[in-house]
Enquirer: 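Before I ask anything, here is the structure I am working with.
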Number of protein chains: 2
Amino acid sequence: MAGRPREFDRDEALAKARDLFWERGYEGVSMADLVDAMGIASARIYAAFESKEALFQEAVMLYASGEGGFATRALAEEPNILDAFERLLRDAVLLYTRPNHPYGCMIVMAATNYTVNNQAVRTRLGRYRRDRAASLHARLQEASETGELKPDADPRALAEFYAAFLHGLSVQAADGVPRDILLPTLSQALLPLKSALSKG
Amino acid sequence: MAGRPREFDRDEALAKARDLFWERGYEGVSMADLVDAMGIASARIYAAFESKEALFQEAVMLYASGEGGFATRALAEEPNILDAFERLLRDAVLLYTRPNHPYGCMIVMAATNYTVNNQAVRTRLGRYRRDRAASLHARLQEASETGELKPDADPRALAEFYAAFLHGLSVQAADGVPRDILLPTLSQALLPLKSALSKG
DNA sequence: TCAATTCTTTGTCGATCGACAAATAATGTG
DNA sequence: CACATTATTTGTCGATCGACAAAGAATTGA
């Protein structure tokens with residue numbers, strides 16, 4: 001276990017790949033683009049990351065465990081469900097409209113188009129999106145069972161409503177809708193949850 | 001002004017191209033795919049439609065003036081704003097989850113990823129999406145001025161909220177979320193408008 | 001009938017796609 | 001030191017991309 005040491009910073013290179021995929025999507029980024037952005041020859045990329053698809057996959061995981069994990073964090077850390085959703089939505093807008101970063105959510109934007117070869121890439125991101133909807137549902141279901149929500153509240157409908165809204169925020173942001181336009185939509189978006197609360 | 005008559009049905013061929021672009025997006029469809037789906041040689045496609053980009057453009061216009069025009073129709077035909085938005089959202093879900101058709105909205109799905117060459121395609125669809133948001137805004141603004149909405153209602157925030165939700169519905173549908181899951185989210189989504197109504 | 005026009009057939013073009021082979025260089029270990 | 005191991009350099013591979021050139025076929029109008 002020795003060998004010549006790697007001369008570039010693997011994490012740095014991965015972050016640059018993530019940003020490029022985030023902005024243009026899997027198929028919008030060519031190996032030549034990656035060579036330019038990462039600053040290393042293609043053979044080195046293959047040696048370090050195996051393939052374009054594996055590199056993309058790792059870049060998505062970096063995103064999901066970093067900035068992209070805001071939903072998981074808000075749901076886990078906020079005991080009050082309204083606080084959780086307020087924070088979650090606010091963090092989403094702030095991330096999707098962050099200056100000097102690609103607009104929108106990487107997991108929503110990076111693989112909606114797909115050639116036949118790359119259907120697997122799209123399907124996997126779709127699964128991530130469904131996972132997020134499922135975690136919203138789980139939190140709302142829990143709130144329903146603990147009495148945080150009214151007995152007649154519909155956790156599933158609320159979950160899919162917020163999942164849809166989150167995905168839509170990403171499209172809006174990617175289209176250049178600015179932060180100060182998107183933030184005021186959140187008080188609208190929170191009304192369904194508020195009217196499902198027991199003490200509201 | 002004569003010449004050999006065209007042997008294939010141009011409208012039929014265009015509709016097939018629309019369906020393919022709808023399902024896989026601009027860059028997800030190659031000329032070879034179009035040749036297969038439309039059943040005509042590539043030189044004939046170029047003779048009839050000029051280029052892949054022009055064909056895509058025309059396919060988008062076909063979609064927008066057909067099934068994709070549900071929002072325009074609902075806003076124009078329903079005098080009551082709540083009726084308009086109820087119908088608009090319902091039509092969206094029905095279209096996006098229509099059996100034997102691609103899922104989701106063509107204008108939302110067909111060009112979110114883009115290589116540098118095709119940035120123009122993406123930008124144009126983004127403009128269409130902004131136009132739809134603008135038409136929602138116009139209708140809400142009108143409702144505000146005629147007193148259909150409360151004086152303190154925020155037409156812009158409502159418009160961007162519904163634009164985002166519509167875009168999100170498309171992502172959800174494209175991920176395979178079924179119609180009977182998406183329809184119950186609409187009563188949630190209508191709450192913000194209902195609470196902005198004057199007589200509510 | 002023939003000239004002008006338009007469509008269809010056939011084949012191919014240069015560019016780019018993702019991916020790798022082979023040779024060389026740099027490390028730790030024995 | 002020699003050796004095994006891993007990284008880098010350099011060049012290139014076959015496949016596919018969108019696009020079109022050239023020639024033949026079918027139509028209308030003169």
Side-chain angles (χ1 to χ4, degrees), chain A residues 1-14 16-18 20-21 23-60 110-111 113-122 124, chain B residues 1-14 16-18 20-21 23-60 110-111 113-122 124:
Chain A
M1 36 148 20
R4 178 173 177 170
R6 183 176 289 123
E7 290 181 1
F8 66 94
D9 186 321
R10 194 178 185 281
D11 294 338
E12 245 175 55
L14 180 61
K16 286 177 183 170
R18 176 204 55 199
L20 208 54
F21 282 131
E23 192 184 345
R24 295 199 213 144
Y26 179 67
E27 298 196 333
V29 175
S30 70
M31 283 305 300
D33 293 333
L34 290 167
V35 167
D36 285 350
M38 302 168 81
I40 54 181
S42 75
R44 303 171 75 182
I45 299 179
Y46 280 91
F49 299 99
E50 187 163 20
S51 70
K52 186 191 171 188
E53 187 171 341
L55 171 61
F56 177 75
Q57 175 65 14
E58 204 169 331
V60 167
N113 306 151
Y114 55 98
T115 55
V116 263
N117 316 334
N118 301 326
Q119 208 156 347
V121 174
R122 203 216 103 92
R124 192 174 313 122
Chain B
M1 40 155 11
R4 177 172 178 172
R6 182 177 287 123
E7 291 181 0
F8 66 93
D9 186 323
R10 194 178 184 280
D11 293 340
E12 246 175 55
L14 180 60
K16 286 177 183 168
R18 176 204 57 198
L20 207 54
F21 282 131
E23 192 183 346
R24 296 199 212 142
Y26 178 69
E27 299 196 330
V29 175
S30 70
M31 283 305 301
D33 293 332
L34 290 167
V35 167
D36 285 351
M38 301 167 82
I40 53 180
S42 74
R44 303 171 76 183
I45 300 179
Y46 280 91
F49 299 99
E50 187 166 20
S51 69
K52 186 191 172 190
E53 187 172 341
L55 171 62
F56 177 74
Q57 176 64 13
E58 205 170 331
V60 168
N113 305 151
Y114 56 98
T115 55
V116 264
N117 316 333
N118 301 327
Q119 206 156 349
V121 176
R122 204 216 101 91
R124 191 175 312 124

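Note that the coordinates shown come from a computational prediction; the quantities given were computed from them, not determined experimentally. Letters A, B, ... are given to chains in the order of the sequence lines, protein chains preceding strands, and every chain is numbered from 1.
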Enquirer: Find the distance between CD (A:Glu27) and NZ (A:Lys52) and round it off to the nearest 0.5 Å.
Expert: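 Output value for this atom pair is 6.5 Å.
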
Enquirer: Name the closest nucleotide to the A:Ser51 side chain, picking from C:dT6, C:dA19, D:dT28.
Expert: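 When the side chain of A:Ser51 is considered, C:dA19 is the closest of C:dT6, C:dA19, D:dT28.
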
Enquirer: Determine the minimum heavy-atom distance between A:Met31 and A:Ser42, stating which atoms define it.
Expert: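 Heavy-atom minimum between the residues: CE-CB, 4.3 Å.
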
Enquirer: Please confirm whether the shortest side-chain N or O distance from A:Arg6 to OP1 or OP2 of D:dA7 is below 4.0 Å.
Expert: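 So the side chain of A:Arg6 is within the cut-off, an N or O lying under 4.0 Å from OP1 or OP2 of D:dA7.
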
Enquirer: Should A:Val116 and B:Arg24 count as side-chain neighbours, where that means a heavy-atom distance under 4.5 Å?
Expert: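 They are in contact (side-chain heavy atoms under 4.5 Å apart), so the answer is yes.
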
Enquirer: Whole Å only: how far is the CZ atom of B:Arg10 from the C1' atom of C:dT6?
Expert: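 Going from CZ in B:Arg10 over to C1' in C:dT6 covers 14 Å.
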
Enquirer: How many Å lie between CE on B:Met31 and P on C:dG14, as a whole number?
Expert: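 To the nearest whole Å, that distance equals 19 Å.
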
Enquirer: Heavy-atom nearest nucleotide on DNA chain C for B:Ser42 versus B:Thr115: which residue maps closer to 5'?
Expert: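 Closest to the 5' end, via its nearest nucleotide, is B:Ser42.
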
Enquirer: Please tell me if the side chains of A:Phe49 and A:Arg44 come closer than 4.5 Å, counting only heavy atoms from C-beta onward.
Expert: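 Answer no - side chains too far apart.
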
Enquirer: Please report the interatomic distance CG(A:Leu20) to CE(A:Met38), rounded to the nearest 0.5 Å.
Expert: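 If we round to the nearest 0.5 Å, A:Leu20:CG and A:Met38:CE are 9.5 Å apart.
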
Enquirer: Could you state the atom-to-atom distance from OH of A:Tyr114 to P of C:dC17 in whole Å?
Expert: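 Result: 22 Å.
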
Enquirer: For the base of D:dA7, is there a side-chain donor-acceptor partner from A:Arg44 under 3.5 Å away?
Expert: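 Answer no: no donor N or O sits under 3.5 Å from an acceptor.
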
Enquirer: Measure CD/A:Glu50 against C1'/C:dG18 and give the value in whole Å, please.
Expert: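 Rounded to whole Å, this separation is 14 Å.
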
Enquirer: So, does A:Tyr46 get its side chain near the phosphate of C:dA19, meaning an N or O under 4.0 Å from OP1 or OP2?
Expert: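 Answer is yes, contact under 4.0 Å.
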
Enquirer: Expressed as a whole number of angstroms, how long is the span from B:Lys52:NZ to D:dT16:C1'?
Expert: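 In whole Å, D:dT16 C1' lies 12 Å from B:Lys52 NZ.
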
Enquirer: Taking any heavy-atom pair under 4.0 Å as a contact, classify B:Val35: base, sugar-phosphate, or nothing.
Expert: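 It contacts nothing in the nucleic acid.
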
Enquirer: Tell me: CD1 of B:Ile45 to C1' of D:dC20, nearest whole Å?
Expert: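 The distance from CD1 of B:Ile45 to C1' of D:dC20 comes to 13 Å, rounded to the nearest Å.
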
Enquirer: In terms of the nearest nucleotide of DNA chain D, which residue is placed more toward the 5' end: B:Pro5 or B:Val29?
Expert: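 Looking at DNA chain D, the more 5' nearest nucleotide goes with B:Val29.
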
Enquirer: Mind calculating the distance between CG (B:Asn117) and P (D:dC17) to the nearest angstrom?
Expert: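 About 15 Å, once rounded to whole Å.
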
Enquirer: Specify the separation, in whole Å, of atom CD of A:Glu53 and atom C1' of C:dG18.
Expert: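 Roughly 12 Å, once rounded to whole Å.
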
Enquirer: So which nucleotide from D:dC17, C:dA25, C:dT27 ends up closest to the side chain of B:Ala32?
Expert: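 Side chain of B:Ala32 sits closest to D:dC17.
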
Enquirer: Report the nucleotide, chosen from D:dC20, C:dC20, C:dT8, that has the shortest atom-to-atom distance to any side-chain atom of A:Ala43.
Expert: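 From the listed options, C:dC20 comes nearest.
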
Enquirer: For C:dC17, take OP1 and OP2 only and decide whether either is under 4.0 Å from a side-chain N or O of A:Ser30.
Expert: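 True: A:Ser30 side-chain N/O within range (under 4.0 Å) of C:dC17 OP1/OP2.
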
Enquirer: Please figure out whether A:Glu27 or B:Ala47 has its closest DNA chain C nucleotide nearer the 5' end.
Expert: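 Taking each residue's closest nucleotide, the earlier one in sequence belongs to B:Ala47.
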
